[in-house]
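See structure below.
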Amino acid sequence: MKPFKVINVVGARPNFMKMAPIIEAMNHHPDAIHPILLHTGQHYDQKMSHSFFVDLGMPRPDINLGVGSGSHAEQTAKIMLEFEKVCQAEQPDLVVVVGDVNSTMACTITAKKLGIRVAHVEAGLRSRDMSMPEEINRLCTDVLCDYLFTTDYIADQNLLAEGIAPEKIFFVGNVMIDTLMKHRKMASKLALRAKLGLEVGNYATLTMHRPGNVDDRDVLKGILEAVAEISQQVPVIFPIHPRTKKMAEQYGLESFFSTALKPEGIWITEPLGYLEFLHLNMGARLVMTDSGGLQEETTVLGVPCLTMRPNTERPITCEKGTNIMVGSDKDNILKHAREVLSSPPPQGQIPDKWDGHAAKRIVEVLLRINSGEC
Ligand code: UD1
């Protein structure tokens, strides 16, 4: 049988740790699958992109579209224009997209209009919040895709309720957790925590980059005031996203940060690599975030997570795991942080099939698809 030619698409930071185990699992079947790794270039900074390829042992992308930043329409359009040329030249049998970033949606639309089948990994997540660009990306992607790989039963229910045919849905587990499990031991051996003088269970980490939190001065200021108070109790390590840094500077809020680590206060660093950040999160007393993936990672690590958003597309992390939705209100963030810091660590459960083998299950399905079984 002719090898199945698959273009695997990545674009932004949270895509890399989802795609790494899929590529690895595909490489176990060189006679059956011919994988091509394509980077759209949505994220391009060394610290937002290249360092993840190194940490995760990912091959260099075979193709880089180099699209860079822009408005949503600009970025999406640039990806579509460039990806169309690649699809026409390569004539793949399948395109695999992951997550919910602009690259995910842009490549899905482009491939489908050329009659190429598309598989979406991490399908069916829904926040029901149309003010999030990611929700629009998720909806457009899922409605078009031929194969939908899901992380939990809630995602299956969401897709079925939207009328997606059950035979297109495959509950395989969580590829992000494959990556976490593979690198956990290596991350635990890093010396970063010791170098920074941090004690296990006695510091917090913070990530924040959603437009809803960082593009409005009052919201951003309120969150930083809450975190500044929390940092009187435990030091807070804040690897700052370029967007957040830009907005904090524009709004004159840099006085909240210190670039030198002190026993108390918010310490900002450049975005950290995958292993370094996992290392810090594994030993944290508390994680504060507006990210999607971190809600899942903390659930598996058993570390309390305060998610500074009004809703989540990952409710399983609240139902089973250690995640609490706290919104962006200063007093609410503080109330929950104090509760967490004065309680014993929570006992969460790990969702079904978050076991390190999701990518293997995905590739098994792809082999069945290629043989015409599904
Ligand atoms: C994107 C994803 C978001 C994901 C996040 C992780 C979309 C709609 N959003 O948001 O879901 O959680 O990535 O980081 O796809 N910038 C740099 N260097 C880079 C990349 C971005 O400086 O390498 C700056 C630029 O000023 C850019 C801004 O960050 O305009 C926003 O980047 P963009 O890719 O549009 O979205 P993110 O906020 O990173």
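Both counts, for ligands and for their atoms, begin at 1 and track the order of listing. All values below were derived from every heavy atom in this structure, side-chain atoms included, with hydrogens, water molecules and symmetry-related copies excluded. For reference, positions follow the sequence shown, starting with 1.
- Taking the side chain to side chain donor-acceptor pair (under 3.5 Å) definition, one finds that E82 meets it with K85, sequence neighbours left out.
- Annotation: side chain to side chain donor-acceptor pair (under 3.5 Å) contacts involving residues 266-284, sequence neighbours excluded, comprise T205-N281.
- Only the side chain of E134 comes within contact range of ligand 1, with a heavy atom under 4.0 Å; no backbone atom does.
- Close contacts of ligand 1 with Q75, meaning ligand atoms under 4.0 Å from a residue heavy atom, involve 34 (O), 35 (O).
- Heavy-atom contacts of H72 reach the following atoms of ligand 1: 8 (C) (cutoff under 4.0 Å).
- From the protein, the heavy atom lying nearest to atom 28 (C) of ligand 1 is R243 CB, 4.2 Å.
- Within 6.0 Å of atom NZ in K245, 12 or fewer heavy atoms from other residues, nucleotides or ligands are found, so the atom counts as exposed in its surroundings.
- For H39 and F53, the ring centers are positioned less than 6.0 Å apart.
- Scanning the protein for heavy atoms near atom 8 (C) of ligand 1, the closest one is N102 OD1, 3.2 Å.
- Protein heavy atom at the shortest distance from atom 24 (C) of ligand 1 is P242 CB, 3.9 Å.
- Using a 4.0 Å cut-off to heavy atoms of M48, the atoms of ligand 1 that qualify are 14 (O), 23 (O).
- Open room surrounds CD on Q347; 12 or fewer heavy atoms of other groups in view lie less than 6.0 Å from it.
- At the shortest separation from atom 16 (N) of ligand 1 among protein heavy atoms lies Y44 OH, 3.6 Å.
- Atom 2 (C) of ligand 1 has as its closest protein heavy atom V101 CG1, 3.7 Å.
- Between the side chains of D178 and H357, no donor N or O sits under 3.5 Å from an acceptor N or O.
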Exercise for the section: Go through the steps to decide whether S103 and Q42 satisfy the test side-chain hydrogen bond (donor to acceptor under 3.5 Å, both in side chains), and finish with yes or no. Expected result: CA-CA 7 Å; S103 302; Q42 177 174 343; 2.7 Å; yes
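- For atom 18 (N) of ligand 1, the closest heavy atom belonging to the protein is D45 OD2, 3.0 Å.
- In this structure, atom 25 (C) of ligand 1 lies nearest to the protein heavy atom S69 OG, 3.5 Å.
- With ring centers used as reference points, F257 lies under 6.0 Å from F238.
- With a 4.0 Å heavy-atom cut-off, ligand 1 is reached by the side chain of P14 but not by its N, CA, C or O.
- Residue nearest to atom 32 (O) of ligand 1, selected from R13, H50, Q42, H43: H43 (by heavy-atom distance).
- Screening E135, E313, E162 for a side chain to side chain donor-acceptor pair (under 3.5 Å) involving R126 leaves a single residue, E162.
- Each of the following atoms of ligand 1 lies closer than 4.0 Å to a heavy atom of K246: 26 (O).
- Within 6.0 Å of NZ in K353 there are more than 12 heavy atoms belonging to other residues, nucleotides or ligands.
- Contact atoms of ligand 1 toward H209: 4 (C), 5 (C), 6 (C), 12 (O) (distance under 4.0 Å to a heavy atom of the residue).
- Atoms of ligand 1 lying under 4.0 Å from any heavy atom of H241, numbered from 1 in the order shown and given with element: 14 (O), 29 (O), 37 (P), 38 (O), 39 (O).
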